[in-house]
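To start, the structure under review is shown below, and the notes come after it.
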Amino acid sequence: MVMNSEKIDRRIVHIGNDLEEVKINKLAKMMLRLLSDSNKIIELEPPLGSVGRRCPNIELLKSLGYLPKIMLQEGLIKTVEWYSKNKLK
């Protein structure tokens, strides 16, 4: 759908769900929990230009007919499960 669209023409296309905004720190904590990882997150001052939250602008993708169907938590769970089943051995 995206690759064959003339609307794209070498533009960046953000993929995701814009229905929920998530701080990067919370996203990292969610991943650690899903991975059963006991590492602690050390918060430092972010480098200049870093983003403090995740909420993709998917207007271009929506103009092609895409609508988000999966919320972040569910998507992360499915991603972790997929990588667990398909990781290189």
Side-chain angles (χ1 to χ4, degrees):
M1 170 175 83
V2 174
M3 290 178 53
N4 295 329
S5 172
E6 291 181 15
K7 287 184 179 181
I8 301 304
D9 191 34
R10 299 182 193 159
R11 293 166 56 194
I12 294 172
V13 179
H14 297 277
I15 299 173
N17 183 335
D18 62 352
L19 301 175
E20 56 185 323
E21 186 173 312
V22 179
K23 290 188 175 195
I24 300 298
N25 190 6
K26 182 176 179 183
L27 179 61
K29 288 177 182 177
M30 291 169 73
M31 287 303 300
L32 288 177
R33 270 194 305 276
L34 288 173
L35 297 169
S36 300
D37 192 313
S38 62
N39 283 308
K40 301 291 182 213
I41 296 172
I42 301 171
E43 293 188 46
L44 303 172
E45 287 296 316
L48 189 62
S50 294
V51 297
R53 59 188 178 82
R54 176 220 155 266
C55 189
N57 179 344
I58 60 170
E59 291 306 312
L60 180 58
L61 198 55
K62 284 181 176 179
S63 75
L64 300 174
Y66 170 84
L67 292 174
K69 296 177 185 171
I70 297 175
M71 299 304 282
L72 179 61
Q73 179 73 21
E74 181 184 352
L76 292 176
I77 291 169
K78 288 181 177 216
T79 300
V80 168
E81 288 173 351
W82 186 91
Y83 274 98
S84 294
K85 291 177 187 172
N86 295 286
K87 64 184 173 186
L88 295 175
K89 299 182 183 202

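Quick note: numbers below take in every heavy atom, side chains included, and nothing from hydrogens, waters or symmetry partners. All residue numbers in this chain count up from 1 along the given sequence.
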Restricting to non-hydrogen atoms, name the atom on [X] and the atom on [Y] that form the minimum distance, rounded to 0.1 Å.
X: V13; Y: L61; value: CG1-CD1, 3.7 Å
X: K62; Y: D18; value: NZ-OD2, 3.0 Å
X: S63; Y: L60; value: OG-O, 2.5 Å

Do [X] and [Y] have side-chain heavy atoms sitting under 4.5 Å apart?
X: L64; Y: I8; value: yes
X: N17; Y: L72; value: no
X: I15; Y: P56; value: no

For the pair D37 (side chain) and M31 (backbone), establish whether a donor and an acceptor sit closer than 3.5 Å, ignoring hydrogens and angles. no
If you measure from [atom1] on [X] to [atom2] on [Y], what distance do you get to the nearest 0.5 Å?
X: L27; Y: Q73; atom1: CG; atom2: CD; answer: 10.0 Å
X: M30; Y: R33; atom1: CE; atom2: CZ; answer: 7.0 Å
X: K69; Y: L19; atom1: NZ; atom2: CG; answer: 13.0 Å

Step-by-step salt bridge (Lys or Arg N to Asp or Glu O under 4.0 Å) determination, K78 to E74: CA-CA 6 Å; K78 288 181 177 216; E74 181 184 352; 3.6 Å; yes
For L76, run the side chain to side chain contact (heavy atoms under 4.5 Å, CB included) check against I70, L35, L34 and tell me which one passes. L34
